[in-house]
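Comments concern the structure below.
Index from 1, following the sequence. These numbers come from a predicted model, not from an experiment.
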Amino acid sequence: SSWCQVKDRVCLFLEYTGHGVPWILLCVLFIIAGNKEQRCLALDLLTGLAIDLILVVVLKFASNRPRPPYNKDDMLVTVKLDSKQSFPSGHATRAVFVPLFLATRLRPPVWLQATTFLWTAAVGSSRVLYGRHHVGDVLAAVPVGFLVVTLLQCCGGNIVAWLCSTINHYLN
């Protein structure tokens with residue numbers, strides 16, 4: 001039916017926007033072509049994405065929870081090592097982490113923060129609607145996203161500051 005086609009297209013679009021690859025490529029673009037502040041922000045985001053990836057992979061292997069039986073094995077750019085594990089949803093952890101990161105680092109207007117958190121809810125919902133994850137996998141992504149922001153703020157600052165000064169030295 002046309003509703004199913006629309007739902008599939010929207011869920012696929014949200015799957016792309018929650019995937020790590022576009023965010024990593026965006027960070028690399030800003031590291032190469034951005035000014036000093038943009039490079040530092042991109043390095044900070046990239047560090048957070050790395051923390052997110054490590055936490056998600058560790059949790060997936062620790063829980064070893066399989067994806068729902070109705071999940072189609074047609075995800076793009078997945079690592080076959082974790083493509084069978086479901087808990088937690090990596091897309092959803094990034095969809096929680098990125099808006100929190102941007103809200104704390106850039107302090108955008110409230111309407112823009114609200115928009116990014118609507119995106120968070122849409123990505124999480126799409127993971128369940130598209131059959132990729134169980135509801136609990138998406139709900140577990142919320143504390144993981146908060147943990148990534150917390151770890152980045154507590155532990156990532158010195159690493160990012162050093163990387164930022166080193167890269168800015170060579171690119172200027």
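Here side-chain hydrogen bond (donor to acceptor under 3.5 Å, both in side chains) pairs that include residues 107-116, with residues two or more places apart or in two chains, number zero. Sorted by first and then second residue, the salt bridge (charged side-chain N to carboxylate O under 4.0 Å, His left out) pairs with a member in residues 88-102 read Asp52-Arg94; sequence neighbours excluded.
When the side chains of ILVMFWY residues are joined at heavy-atom separations under 4.5 Å, either directly or via intervening members, Phe117 and Leu102 end up in a single hydrophobic cluster. The cluster map of Ile, Leu, Val, Met, Phe, Trp and Tyr, joined by side-chain heavy atoms under 4.5 Å apart, puts Phe101 and Leu106 in the same cluster. No continuous path of hydrophobic side-chain contacts links Val128 to Val56 [ILVMFWY only; heavy atoms under 4.5 Å]. By the criterion of side-chain heavy atoms lying less than 4.5 angstrom apart, applied directly or through intervening Ile, Leu, Val, Met, Phe, Trp or Tyr residues, Leu26 is grouped together with Leu100 in one hydrophobic cluster.
Taking 4.5 Å as the limit, some side-chain heavy atom of Leu53 sits within range of a side-chain heavy atom of Val57. Counting heavy atoms from C-beta outward, Arg67 and Gln85 have side chains that stay 4.5 Å or more apart. Taking 4.5 Å as the limit, some side-chain heavy atom of Glu15 sits within range of a side-chain heavy atom of Arg132. Side-chain contact between Leu55 and Leu151: present, with at least one pair of heavy atoms (C-beta onward) separated by less than 4.5 Å. Between Val98 and Trp23, some side-chain heavy-atom pair lies under the 4.5 Å cut-off. A heavy-atom distance below 4.5 Å is not found between the side chains of Phe30 and Leu45. The side-chain heavy atoms of Val28 and Ile32, taken from C-beta on, include a pair separated by under 4.5 Å.
The CD1 atom of Ile51 sits 5.0 Å away from the CG atom of Leu152 when rounded to the nearest 0.5 Å. Rounded to the nearest 0.5 angstrom, Arg127 CZ and Ser89 OG are separated by 5.0 Å.
Using modelled atom types, one side-chain atom of Thr17 and one backbone atom of Leu14 make a donor-acceptor pair closer than 3.5 Å. The closest donor-acceptor contact from the side chain of Ser63 to the backbone of Phe87 lies under 3.5 Å. Side-chain N or O atoms of Gln153 include none that pairs as donor or acceptor with a backbone N or O of Thr150 at under 3.5 Å.
Closest heavy-atom contact between Trp119 and Ala95: CZ3-CA, 3.5 Å. For the pair Ile31 and Ala42, the tightest heavy-atom approach, listed with the atom from each and the gap, is CG1-CB, 3.8 Å. Val148 and Gly48 make their closest contact through CG1-O, 3.4 Å (heavy atoms, listed as atom of the first residue, atom of the second, distance).
Considering only residues two or more places apart in sequence or on other chains, Thr120 meets the side-chain hydrogen bond (donor to acceptor under 3.5 Å, both in side chains) condition with none of them. For Cys40, the disulfide (SG to SG under 2.5 Å) test picks out Cys164, with sequence neighbours left out.
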Identify every side-chain donor-acceptor pair in residues 134-147 under 3.5 Å, counting partners at least two apart or on other chains, and give the distances.
{"unit_1": "His134", "atom_1": "NE2", "unit_2": "Pro66", "atom_2": "O", "d": "3.3"}
{"unit_1": "Asp137", "atom_1": "OD1", "unit_2": "Arg65", "atom_2": "NH1", "d": "3.3"}
{"unit_1": "Asp137", "atom_1": "OD2", "unit_2": "Ser86", "atom_2": "OG", "d": "2.2"}
{"unit_1": "Asp137", "atom_1": "OD2", "unit_2": "His134", "atom_2": "N", "d": "2.8"}

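Membership of the apolar cluster around Val58 extends to Ile54, as traced through chained side-chain contacts below 4.5 Å between ILVMFWY residues.
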